[in-house]
Protein chains: 2
Amino acid sequence: MVTIKDVAKVTGVSPSTVSRVIADNPRISPDTKKKVRKAMKELGYHPNVNARNLVAKSTKAIGVVMPSSADKALQNPFFPEVLRGIGSITHQMQYSMTLSSGETEDENFAEVERMVYGSYVDGIILLYSRVNDRIMSFLREKRFPFVIVGKPHEHINEITHVDNDNFTAGKEITAHLINEGHERIAFIGGSRDLFVTRDREAGYENALLEANLAVRKDYLIHTEFLKSGGREAVAKLLSLEVRPTGIVVSDDLMSLGVLSTLEELGLQVPRDISLVSFNNVYLSEMTSPALTTVDIQIYQLGAQSAKALIEKTKSKDEPEKRIIIPHQIIYRDSVGSI
Amino acid sequence: MVTIKDVAKVTGVSPSTVSRVIADNPRISPDTKKKVRKAMKELGYHPNVNARNLVAKSTKAIGVVMPSSADKALQNPFFPEVLRGIGSITHQMQYSMTLSSGETEDENFAEVERMVYGSYVDGIILLYSRVNDRIMSFLREKRFPFVIVGKPHEHINEITHVDNDNFTAGKEITAHLINEGHERIAFIGGSRDLFVTRDREAGYENALLEANLAVRKDYLIHTEFLKSGGREAVAKLLSLEVRPTGIVVSDDLMSLGVLSTLEELGLQVPRDISLVSFNNVYLSEMTSPALTTVDIQIYQLGAQSAKALIEKTKSKDEPEKRIIIPHQIIYRDSVGSI
DNA sequence: CTGTTAGCGCCTTCAG
DNA sequence: CTGAAGGCGCTAACAG
């Protein structure tokens, strides 16, 4: 391994001078800089991060925690997409990103502990937001920089987070259905432990209320679509005497399941029933019919959270903030008018 | 930050003793060990990785390179799933994983350079296998430990890789179609630059040959399903005078697109046409009909590659090997008999 | 503008 | 069984 000393020796200067050249210190003569740089090239010198981190007490690395993968939800294309967004910023800022994807919450917790105690990373991004999250409490208590993608359960003003306005998104997409003449609209969401679900659902209800439409308990379903229970729930919904004519589904991937359940039941979308959902992942335009869905700009969710986190790690007194990424309805073919 | 010295001071021993306790050195008396460990707990001591790496010249971290995300293929649920597999091993072995997901190949290359030159990681996993890959050449040249998930283009016996037997898988799944009475079978695959596509396609052809069925050029399509061109290609296939009765699609995600194109064209699966594919990602059981597909054990692909890589980094003269993960056909509802 | 010195936190001889 | 000393590669005062 080529070190700073080797370069120094070859160039005939001291190690510290080389170090200064690396940092592009202005007090070094252009001449020496040139000379040193040339030597670095020739020797194939590259600074050793560990040594540098050791003295700098910073790692230029951020940790990313995925939800514990017990929930198969991890196969959601949402994740590669946020990672891409985060990666774009880390790359640009010359940071690196350390991923933690534990099977269980305990595993994730252990990894986070390692990351912060071992100073593996300067800050952490949480790719989920659950009620009463141990990891979040830990990070807060340790005053370790972190941001969450989504909306924190508590201390909402004391935790930097990047989110969509899911309430409004839910409201708007439901309103779209209403505008198309629908009056009986159901909601199918994932676990209520997740804040996204709650917000989107609240928006849905609000739209109904504002349009003076009834909010019916039996039009509300929460399922994970892992167990076949999901399908049964949908089947039950559709066997109601007064069947809904439209459904708001809280996630594109779930929509896929809903779509096929509907088809099994012999219902055509959008002729017999309309469907809208959220995320606008790649597959939402590949279903048949293509989904009318809310584009939440997943990539931006990742990029902005990385940016916010890095800023935070750089100056400890950066204020906690809330960053809302705009959303937009993408109109496709899963909605019919009445 | 609590250091080894603090622990030493409190315990009344020397720093080196503490260091030995950490390493669980057998030459330390049980008594001192107990004492030191207690102090570590109380002070909340955790070793600093950077300091440790600096002297150990090892990072206990592996780098994972995703394909450049220009191809939207990144939204394939394949990726979160391999990452899960890798993560299970890194966690278990107390390693960390650094992710690189560049927009372009250049970006990825730059990141890899950083990783190896800066000694960020001890080894690298490549999550793709493309012909003439710069990154792979670089790694080989530098003799830096790496393994690839998939099959290398060249030097196949000199590069450790973890793959499925995609040829056989392609053959078997095609044979299944043939057994069900199909004689006119088409193949829709992704880019031929990717080895998976080639292998699966070769298996498909071989099955046809062995059954004395014609291999028709116009039954072969390569597309990425990003451009609407994909749909056109399928449409063209189906407008052939002699239409295929079965299609082998090289990836579940693509199948989704094929499925909806078929539906648009008014064809029912499996009544009018049968469909099989590969990967068995979560969504393959959520389509309608659910897909008959080859389970390639993505999770294992990830886990085994991590395991192999870590072994390699531990002993430089670990032989290069090829690890084949078994596959299995999952029978669902997308195939009909003739 | 540049060299010298010290030290980041840890591990590893080498003594004892 | 344990301590002292030196060094991993780099940076940051402090001198000049």
Within the 4.0 Å heavy-atom criterion, would you say [X] contacts the bases, only the backbone, or no part of the nucleic acid?
{"X": "V13(A)", "value": "sugar-phosphate"}
{"X": "P47(A)", "value": "sugar-phosphate"}
{"X": "L54(B)", "value": "base"}

5'-most contact on DNA chain D (nearest-nucleotide basis), V55(B) vs R27(B), goes to R27(B)

Between S19(A) and R20(B), whichever has its closest DNA chain D nucleotide further toward 5' is R20(B)

Closest nucleotide among dG3(D), dC10(C), dG9(D) to the R52(B) side chain
dC10(C)

From the options dG9(D), dG3(D), dC10(D), select the nucleotide whose nearest atom is closest to the side chain of S14(B).
dG3(D)

How long is the line joining [atom1] of [X] and [atom2] of [N], in whole Å?
{"X": "N50(B)", "N": "dT11(D)", "atom1": "CG", "atom2": "C1'", "value": "14 Å"}
{"X": "N48(A)", "N": "dC8(C)", "atom1": "CG", "atom2": "P", "value": "18 Å"}
{"X": "I28(B)", "N": "dT2(D)", "atom1": "CD1", "atom2": "P", "value": "5 Å"}
{"X": "D6(A)", "N": "dC10(D)", "atom1": "CG", "atom2": "C1'", "value": "13 Å"}
{"X": "N53(B)", "N": "dG9(D)", "atom1": "CG", "atom2": "P", "value": "13 Å"}
{"X": "K57(A)", "N": "dT11(D)", "atom1": "NZ", "atom2": "P", "value": "15 Å"}
{"X": "K35(A)", "N": "dT2(C)", "atom1": "NZ", "atom2": "P", "value": "8 Å"}
{"X": "K34(B)", "N": "dT2(D)", "atom1": "NZ", "atom2": "P", "value": "13 Å"}

Please determine whether a side-chain nitrogen or oxygen atom of [X] lies at a distance below 4.0 Å from atom OP1 or OP2 of [N].
{"X": "Y117(B)", "N": "dG9(D)", "answer": "no"}
{"X": "T17(A)", "N": "dG3(C)", "answer": "yes"}
{"X": "T32(B)", "N": "dC1(D)", "answer": "no"}
{"X": "K33(B)", "N": "dC1(D)", "answer": "no"}
{"X": "K5(A)", "N": "dC8(D)", "answer": "yes"}
{"X": "T3(B)", "N": "dC8(C)", "answer": "no"}

For G12(A) and for V49(B), find the nucleotide of DNA chain C with the closest heavy atom, then tell me which residue's nucleotide is more 5'.
G12(A)

Would you say the ring centers of F138(B) and Y117(B) fall short of 6.0 Å from each other?
yes

Near K33(B) NZ, under 6.0 Å, is it more than 12 heavy atoms from other residues, nucleotides or ligands?
yes

Is V121(B) close to F146(B) at the side-chain level, that is, under 4.5 Å between some pair of heavy atoms?
no

With a 4.0 Å cut-off on N to O distance, would you call R37(B) and E42(B) a salt bridge?
no

For R130(B), is there an ion pair with D133(B) - N to carboxylate O distance below 4.0 angstrom?
yes

Indicate, yes or no, whether a donor-acceptor pair under 3.5 Å links the base of dT4(C) to the side chain of S16(A).
yes

Just checking, any donor-acceptor pair under 3.5 angstrom between side chains of E320(B) and T160(B)?
yes

